[in-house]
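Data first, discussion second: the structure below is written as structure tokens.
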Amino acid sequence: MAGPATGFAERVRPNGTTQRRSARTESLIVRWLIIGVSLLFLFVFLVLPLVTVFVQAFSRGIGPYLGALTDPDAVSAIRLTLIVAAISVVLNLLFGLVAAWSIAKFEFPGKSLLITLIDLPFSVSPVISGLVFVLLFGAQGFFGAWLIEHDMKIIFALPGIVLATVLVTFPFVARELIPLMQEQGTQEEEAAISLGASGLQTFFRVTLPNVKWALLYGVLLCNARAMGEFGAVAVVSGHIRGETNTMPLHIEILYNEYQFMASFAVASLLALLALVTLIAKVVLERFAISEQ
Amino acid sequence: MKIDVRHVTKRFGDFTALNNVDLEVKSGELVALLGPSGSGKTTLLRIIAGLEWPDDGRVMFDGTDALSRSVRERHVGFVFQHYALFRHMTVFENIAFGLRVRPRGQRLSEAKIREKVGELLELVQLTWLADRYPSQLSGGQRQRIALARALAIEPRVLLLDEPFGALDAKVRKELRRWLRSLHEDIHVTSVFVTHDQEEALEVADRVVVMDKGRIEQVGAPEDVHDRPATAFVHEFIGESLVLPITVQDQRVHVEGRLLPIDPQGVANGAARLFVRPHEIDVVAADGAALTGIVKRVHGLGAARRVEVQLSAPETLVEIDTPRNLPVEVGATIGLKPQRYRIFADAR
């Protein structure tokens, strides 16, 4: 029953073909106009930019393309992005599970506040998400003096980038799981415990398998966002080349230095990530539906 | 195993789900908790299981304290209203679950588990469904698998929450007969919750009638039906014809007229008269305290159902009369309660 809650069941189900004649009231022209407008829109805003990225990236051939990607600064940016994404995804996976579990299975004061707060990163500008950490951990920040005293670096270093990314991406996993877990209720867990299962056994044998597809789906979206995050990371990173530049920041720097080809070469990796995410998403949806 | 529930009280916020409940279930007995929704019957079942904890009172299994043990340790087989089968496991794995999660030392070998699950599948007559998933089963099949899963841990008590609630009428009848015969075979102490009186009266050895967090009556099915202890039980179980009356100086009055029946020791004041539809006689209208006009006659069985519009109090009642008694629509008839109960109104 993973479908409805994750919201993709209705998208896949084709409409019945029997009603074709009677249900249609629009004239042929109107129909083609509507279809034409949406296709044009898709082409201009989605396909064209994507194609441009790859065209620009390969504008001087495969050699310079690979050269741009193997540039030490680029390699460092790619590595940093992968590290940041790996840490943020794992943290948000854990946080999302715990939050969804507590919201779906228990009653406690402040529950509705927590549900609202989980959505906060969606509604707040990423720049602000970055700025709060500067205000907290920057040299002039709340904990700044203490951090300097103990020789710890958070802002303009990996911890700051991870913190900002975690904040921006934390709704993804929780958002996928909460409605599904709420729909499933607690009866299966109660059944497991009454049959003698421990808390851990119940979690790993009953709760987790019941939400696995939604969980993977959330992780996928979380990862895509973590790798692509720009605003929040830009504020806390400090743009130190070869050290605190992630891929999106690296792309911007190259672009500002008029190195368009190199800039688009790195951008093509992010575009590729988007495509892979899209395909993986479709595959996951198929699995989730076939298991019902 | 014997279950003792003593002085159990449970509140959810301002709502008192159970109010000082006492209950004893004998070893090997099949007991029904019967009541309308909100009567506390499911809460009582969940407290016995250990899925809920009382605010006050004690629960004893065979004389030892059960509340000090968690649901895991109580060895209780619980069958949930909506079955709660593990949706991602096959029928086989569902039944095997309780055997697989045992601590390593007590776990059976794979061969033994297979044998045991096979036996249980045979018991519920669904061997051919072993490899299916719960979503591929019908409601009745799911219910039986849920029961087999609960029995796999060899429970000391079997607790069933509305076991037939989600099934259609025909499957329901079949399953309850099957449950009754199953109980006769395995004789495990069992308690089930239901809001369906027919189900309770047919299946259980004893019926516990509950209302508003209290036990109204405990007794054999014929006891609660034929000798209801309270007005609630009389109204809730079986059909009742109810008339408001007043008792004054050991006499019963209906709308100011004397009704020549025994007040059954009820004190002066407002009370209600309860009669079963088949325990009231049709008599001549002249001189009868209760008179009315026949509105409708129907029914095909041994008895006929007659709807009578009483003149005082002005109310429509239904009675059963033998087929051979001539009753015509539009005729004025008198009614005389033959067997009845009088309960004083709560003050």
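Judged by a 6.0 Å distance limit and a 45° cone about the ring axis, R176(B) is not positioned over the six-membered ring of F192(B). Figure legend: cation-pi geometry between R74(B) and W53(B), with NZ or CZ positioned under 6.0 Å from the six-membered ring centre and within 45° of its axis.
Residue pairs meeting the side chain to side chain donor-acceptor pair (under 3.5 Å) criterion with at least one member in residues 34-45 of chain B, sequence neighbours excluded, are T42(B)-D161(B).
Within the 4.5 angstrom heavy-atom criterion, only backbone atoms of L85(B) (N, CA, C, O) approach chain A. For H82(B), the parts sitting under 4.5 Å from any heavy atom of chain A are the backbone and the side chain alike. Heavy-atom distances place the side chain of Q201(A), and not its backbone, under 4.5 Å from chain B. Residue A152(B) does not touch chain A at all, counting heavy-atom pairs closer than 4.5 Å. Residue contact with chain A, scored on non-hydrogen atoms closer than 4.5 Å, involves the backbone and the side chain of F86(B) alike. With a 4.5 Å cut-off on non-hydrogen atoms, R149(B) touches chain A through its backbone and its side chain both.
Most heavy-atom pairs under 4.5 Å with chain B, from the set V206(A), T202(A), L195(A): that is L195(A). When each of S194(A), G185(A), A197(A) is checked for heavy-atom pairs under 4.5 Å with chain B, A197(A) comes out on top. Counting heavy-atom pairs closer than 4.5 Å to chain A, the top residue among Y83(B), F97(B), Y133(B) is F97(B).
Look at D56(B) and R11(B) and you find no salt bridge, because none of the NZ, NE, NH1 or NH2 atoms lies under 4.0 Å from a carboxylate O.
No close placement of the F172(A) and F170(A) rings is indicated, their centers lying 6.0 Å or farther apart.
A donor atom on one side chain and an acceptor atom on the other are found under 3.5 Å apart for T194(B) and E199(B). Under 3.5 Å, the side chains of H195(B) and E162(B) contain a donor-acceptor pair of N or O atoms.
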